[in-house]
Amino acid sequence: MSFLSRSFPAILTCGLFGLPLAAQSLPAPEGEPLLTVTGNIALANQGDAAVFDQAMLEAMDPVTITTSTIWTEGVQTFTGVPLAQLVDLLGAEGEVMMATAINDYTVEIPREDWVENGPIVAFLNNGEPMSIRDKGPLWIVYPYNDNPDYQTEVIYSRSIWQLDQIHFGD
Amino acid sequence: MQAAAATRFRLPGWVRVAALVLGIGSSLTLVAGLSWMARQEVDGLSTANSDNVQWGLAQAQVELLQFQLALEEAEDDPDRLGDVKRRFDVFYSRVSTLDRGEVHRSLRQNPEFGALQRRVASFLEDSAPLIDGPEPALLAALPQLGDHARDISEDVRALSLSGLGIFADASDKQREKLALTLALLASFLAVLFAGLVLLAVSLARVARVADARAQEVQHTAARLRTIVETSLDAIMMIDRTGAIREFNPAAERIFGYGLDEARGRNAIDLLLPAEEAASLKDGPLRLFDEGGRLPPSDRQFELTAVDRAGRRFPAEFSVGSADIDGDRVFVAFVRDISRRKAAEDGLTEARDRALAGERTKAEFVAVMSHEMRTPLNGLLGSIQLLRDEELNRTQSALLDRMEASGRLLLGLVNDVLDLAKVEAGKMKIERRPFSITQLLDGVVETTSPLAAANSDELSWSWVGPEREGAVGDVRRIRQILLNLVGNALKFTQGARVDIEVEMLGPDGGLAEFRVIDTGIGIAADDLGRIFNDFETLDSSYARQAGGTGLGLGIARRLAGLMGGEIGAESEPGEGSLFWLRVPVGPPVAVPASPKGTTSPARPRLQRPLDLLLVEDNEINRFVARRMLEGDGHRVTEAVNGRAGVDLAEARAFDAILMDISMPVMDGPEATRLIRTGRGASARAPIIAVTAHALPEEVARFREAGMADCISKPINRGELLDLLARLLDPEAAPRDAAPSPEPEADLIDEAHLSDLLTGLPEASRATLLERFLKEMDEAIPRLAAAPPEEEGLVAVVHKCAGSCGTFGLIGLRTALARIESAFKRGDAVDAAELRALADLWQRSRKALVTWRLPA
């Protein structure tokens with residue numbers, strides 16, 4: 001792991017807590033961009049957008065949840081960045097985010113879901129990166145097993161796979 | 001009525017509560033269960049394991065189309081090969097989701113769907129190496145891929161439609177199930193609702209009943225309040241600690257405290273005098289300590305109460321207790337009874353005064369009557385003495401008048417004294433055997449002078465079976481008969497007066513005496529009142545003949561005292577019938593009357609006697625002395641018992657005349673001393689001289705040692721007769737009726753005399769009576785019994801013993817002979833037994849007619 005990637009959380013923390021919001025900046029992605037965040041956000045690294053690669057996501061204190069899904073067989077582990085953490089990092093505002101997949105599927109995820117123990121932006125399934133054929137590379141996964149409230153049609157529809165874009169606000 | 005109807009259908013409280021709880025509980029459980037089921041169904045719909053599966057299936061078609069488009073564009077523009085790869089991957093991802101997703105499990109199990117899916121999957125597997133391979137090869141294979149994609153598009157479309165059909169079916173089923181559950185839930189809710197409605201209705205009814213009751217309670221309370229407020233008695237409510245809680249207007253009026261003043265104060269401290277309250281704590285007021293659980297009699301009491309002004313007054317308390325909300329309270333009714341008390345006291349005092357007055361009057365009458373007799377005795381005695389003087393005819397006539405007036409006056413005084421005695425309850429009736437024949441002979445003899453004076457014929461006769469012996473107070477019967485006969489003679493001139501006697505009653509225990517005259521008669525109106533006191537029908541006659549009008553009143557009282565009756569029937573102009581009924585018991589043997597009837601010939605003592613006269617009254621002493629000295633006797637006087645004893649000690653008198661009531665020492669005491677002493681006169685006969693000796697008094701005199709008794713005023717003839725009888729038996733005729741000679745071999749007279757002498761007359765009669773009764777029963781039984789009969793020997797033995805005691809030697813010898821035969825086991829002759837009857841009859845007659853030698 002490079003120095004940068006190792007020191008990123010520290011820098012990020014300094015930036016978040018040590019510097020005024022306007023002065024903060026997000027490092028540019030070095031690998032293949034996986035996720036582009038636009039809209040009402042405070043940080044950006046490519047024009048108005050914040051672009052993340054795998055390394056940047058891995059550097060953001062990812063969490064692992066264990067759950068089954070209706071689209072897979074058996075209990076799975078998913079590792080990724082909590083949506084709430086992403087929102088905090090970017091200083092995103094608004095009542096709703098629009099998430100869009102490679103296959104052009106788009107869904108609204110309201111602010112009520114950007115909570116702790118809520119959904120994560122998963123980049124590992126059972127410890128492995130996910131290919132597009134396996135609904136990768138990014139998949140918004142809710143802890144369905146831990147919270148029965150997440151076992152609804154609406155939540156299932158928000159569990160977008162092959163995610164590549166998020167837009168805050170309308 | 002309403003309440004009654006409600007109670008009729010009422011179940012026990014706990015049952016109703018249990019049923020209610022059970023009903024509600026089971027309803028809730030059912031609703032919860034159904035809700036849970038519905039929730040499951042709804043959850044099944046909402047959690048859907050389906051993720052818009054339809055959309056996903058349709059999307060597979062879209063994504064295949066996008067792949068085909070990308071293929072076509074890449075044929076024109078090789079730069080867009082990356083797009084082909086991405087579209088392939090997306091389609092691949094979609095189909096593999098169908099292959100692996102839980103949500104599609106049911107779809108995969110459908111054979112048609114499975115076949116389609118496998119064909120699509122094999123297309124993907126076949127194409128993947130090309131997509132993942134080098135770009136030139138891919139570029140070259142684009143037309144071929146396009147063809148394959150076209151081929152497979154039909155399958156994807158079929159796959160989508162098949163999935164849609166399957167899911168539609170499943171959804172339908174699920175909806176039906178949900179609908180069923182909901183229907184069930186709805187119907188049950190309907191039932192529950194109905195139940196609630198029912199509950200509401202019954203609650204409304206309960207509320208209505210409660211309302212009615214509340215109203216009733218209110219009315220009752222209002223009525224009670226009215227009662228309490230209008231009560232004339234003080235009513236207060238006192239709590240456990242004794243504090244007043246309620247105080248009605250009457251209480252305010254009686255005690256002078258207002259409700260506000262009284263409330264909360266201690267009732268005992270406030271309403272009772274302090275010193276009394278303390279002593280009452282153990283008395284009536286312990287009621288409060290014992291929680292009012294006392295018998296009703298202890299809950300009512302009278303106390304002295306005190307009002308606000310300090311006035312003390314007697315008050316009647318009635319205290320009850322009740323539990324109100326688990327707290328014991330007392331309700332006290334208090335009545336000011338000072339007026340009642342005053343009235344009661346007044347009445348009691350008046351009554352006491354009246355009674356005392358009556359008593360005083362009665363005593364006065366008794367004392368006066370008694371006192372009047374002493375001077376009368378002096379007068380009459382002096383008149384008798386005067387006759388011994390030489391008198392001319394005028395003097396003699398005057399003396400007759402004086403004596404007649406004196407005797408009349410004495411009769412009146414005796415009447416009044418009798419009446420006073422009866423009224424004071426001091427008149428005692430004696431019961432002793434007497435002879436009816438002798439009684440009536442005596443009555444006729446006594447009244448014959450009056451009959452002769454009025455030219456009347458007077459006689460008596462038996463009606464029905466005759467009977468000799470009777471038991472009763474012969475003195476009182478004689479008194480009544482003399483009164484009746486006297487009246488009859490007074491009102492009858494030159495006609496007949498008959499006395500009839502008849503035994504009545506089932507056992508002949510009632511004697512009826514009838515005095516029948518042929519005189520003027522009595523009007524029916526007057527018959528009722530002739531037995532009243534002071535009643536004289538003919539006042540002019542009463543003045544002429546003298547009389548208090550007390551005679552019949554006294555007769556009525558005496559008859560009543562003896563347990564008898566007296567009455568009269570009359571026809572004006574034809575005569576009257578007065579009757580007297582007295583119980584006289586069963587027939588008895590009559591011992592000789594000590595006095596007997598007055599004998600026609602006056603016996604005279606042939607020798608002069610030396611007599612001691614003990615008498616405190618000087619006149620009496622003087623009269624008696626003159627009478628006795630006039631007959632030739634010598635008289636020594638003593639003024640009281642003590643002096644009499646001293647004189648009797650020193651000198652041997654022939655006889656002693658002893659007054660009863662005397663100062664220093666009375667007669668009986670003096671008699672006892674003389675008898676027990678060893679003086680010269682210790683054996684001299686002592687005669688009691690008394691005014692009105694009652695039978696028990698006579699017994700007492702005899703006990704003291706007196707031989708006989710003579711009444712004041714002393715009748716000269718009687719006194720001399722008595723002396724003759726006591727001191728010179730030879731000279732005195734024993735009896736008017738000739739006494740049959742007892743059969744010598746029947747009675748041992750000496751033995752009988754020993755037995756009966758010294759016994760009081762009454763005991764003698766009882767003893768005889770008992771013996772006669774015993775023998776009258778036993779002898780006939782023996783006479784009639786066959787000799788072999790069991791138990792005869794015991795009867796024989798007993799009779800023999802009794803005969804021995806009474807000196808019936810003849811009978812006793814016969815019985816002893818029979819007894820010995822029995823004991824020896826010899827045959828007893830039945831004739832011998834039969835002979836006992838005759839022997840007994842003869843012995844009985846001898847015994848009954850035998851008289852104790854005087």
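Because the structure is a prediction, the values reported are computed rather than measured. Letters A, B, ... are given to chains in the order of the sequence lines, protein chains preceding strands, and every chain is numbered from 1.
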Legend entry - More than 12 heavy atoms from other groups under 6.0 Å of CD on A/E116: no
Inset, instruction - Using a strict cut-off of less than 4.0 Å between a Lys/Arg side-chain nitrogen and an Asp/Glu carboxylate oxygen, indicate whether B/R86 and A/D104 qualify as a salt bridge. - result: no
Legend entry - Minimum-distance pair of heavy atoms, taken over all atoms of A/N103 and B/E63: ND2-OE2, 3.0 Å
Legend entry - Rounded distance (nearest 0.5 Å) linking atom NZ of B/K85 with atom CD1 of A/I132: 10.5 Å
Inset, instruction - Please check if atom CG in A/D48 has more than 12 non-hydrogen atoms from other residues, nucleotides or ligands closer than 6.0 Å. - result: no
Inset, instruction - Please state whether the side chain, the backbone, both or neither of A/T69 comes within less than 4.5 Å of a heavy atom of chain B. - result: backbone
Inset, instruction - Could you tell me which of B/D132, B/L124, B/L98, B/V62 has the largest number of non-hydrogen atom pairs under 4.5 Å with chain A? - result: B/D132
Inset, instruction - Flag yes if more than 12 heavy atoms outside B/R157 fall under 6.0 Å of its CZ atom; otherwise flag no. - result: no
Inset, instruction - Give, for atom CZ of B/F91 and atom CZ of A/R133, the distance between the pair rounded to the nearest 0.5 Å. - result: 12.5 Å
Inset, instruction - Would you mind checking which part of A/Q162 comes under 4.5 Å of any heavy atom in chain B, side chain (CB onward), backbone (N, CA, C, O), both or neither? - result: side chain
